[in-house]
Amino acid sequence: MPLAREAVELLVQAARAWYFEGNRHGLRDREWMALRFLGRANRFSRTPSALAGFIGSTRATASQIVKTLESKSYLVRKPSQEDKRSVVLHVTAQGEKCLNQHDPINHVVNAVAALGNDGCVGLRDSLRDVLNHLDAAHQRLDASICRDCMFLAERGPATPKGRAGAEFMCRLYRAPVSLEETELLCTSFERTRDRPKIEEHLDRARIASQG
Ligand code: SF4
């Protein structure tokens, strides 16, 4: 237990990078959290309600945050292509630049990257295990990527050049999902633990797309 406590206390100290009083580069910590999430979320999750769920706020608070980010030209709303009555939030080029240059977690990301590939994988998997335990206890999971989601299915045959052009299908939204989109955050994610076929397929597709 002392080791576990020591690890958690270190995590709490690291969290000072993203939970802070006042603002940094003009944004409060929750506004950074929202901009960061919207910069990484897939098209199904870039909505005001999904944002409210992710940051753990009311719809009214999330709307206020969206307005603040819009006023700084970091965000624009566009009608959803799937449902014209809904809006999808898009991070602008200026918003992406702000994230790249000033996001308070960038220092932490750089420090983690310095651990090397094996260190990053070990830390990621350990934190994921911890979150899985917490989710099981509290019946929640904020967001994760398609790769581990039970709704992801293969769609269509492989292309002649290999799997790089292969597409996937989200069985929840009944919509195609590209390889790039499988790396984005989704708040409708549902964990699956036994899908080696898709996992291997995605790894092959990713390697093919890189080479
Ligand atoms: S497969 Fe899962 S994570 Fe991906 S878009 Fe569908 S619900 Fe979201």
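Both counts, for ligands and for their atoms, begin at 1 and track the order of listing.
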Study note, to complete from the structure: Scanning both residues in full, the closest heavy-atom pair of Pro104 with Ala17 reads CB-O, 3.3 Å
Check your understanding: What are the two closest heavy atoms between Met33 and Phe54, and how far apart are they?
Key ->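 Scanning both residues, the minimum pair turns out to be CE-O, 4.0 Å.
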Review point. So do the side chains of Leu89 and Leu69 get within less than 4.5 Å of each other, counting heavy atoms only?
Key: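 No, every pair of side-chain atoms sits at 4.5 Å or beyond.
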Point to revise | Near atom 2 (Fe) of ligand 1 (under 2.8 Å) - protein N, O or S atoms | key: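 Checking every protein N, O and S atom gives Cys149 SG.
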Check your understanding: Does Lys72 come within less than 4.0 Å of Glu31, counting only side-chain N to carboxylate O?
Key ->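 Judged by the 4.0 Å cut-off on N to carboxylate O distance, Lys72 and Glu31 do not form a salt bridge.
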Practice item. State plainly whether the residues Arg128 and Asp148 are in salt-bridge range, i.e. N to O under 4.0 Å. Key: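 Yes.
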Point to revise | Phe44, portion touching ligand 1 at heavy-atom distance under 4.0 Å | key: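 It is the side chain that gets close, since no backbone atom is under 4.0 Å.
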Point to revise | Per-residue contact class, Thr182 against ligand 1 - non-hydrogen pairs under 4.0 Å | key: neither
Check your understanding: Counting each atom of ligand 1 from 1 as listed, which ones have a heavy atom of Asn42 under 4.0 Å away?
Key -> 5 (S)
Review point. Within a radius of less than 6.0 Å around OH of Tyr19, do more than 12 heavy atoms belonging to other residues, nucleotides or ligands occur?
Key: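 Counting neighbours around OH of Tyr19, 12 or fewer heavy atoms of other residues, nucleotides or ligands fall under 6.0 Å, so no.
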Point to revise | Flag if over 12 foreign heavy atoms under 6.0 Å of CZ, Arg28 | key: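 For Arg28, atom CZ is not crowded (no more than 12 foreign heavy atoms under 6.0 Å).
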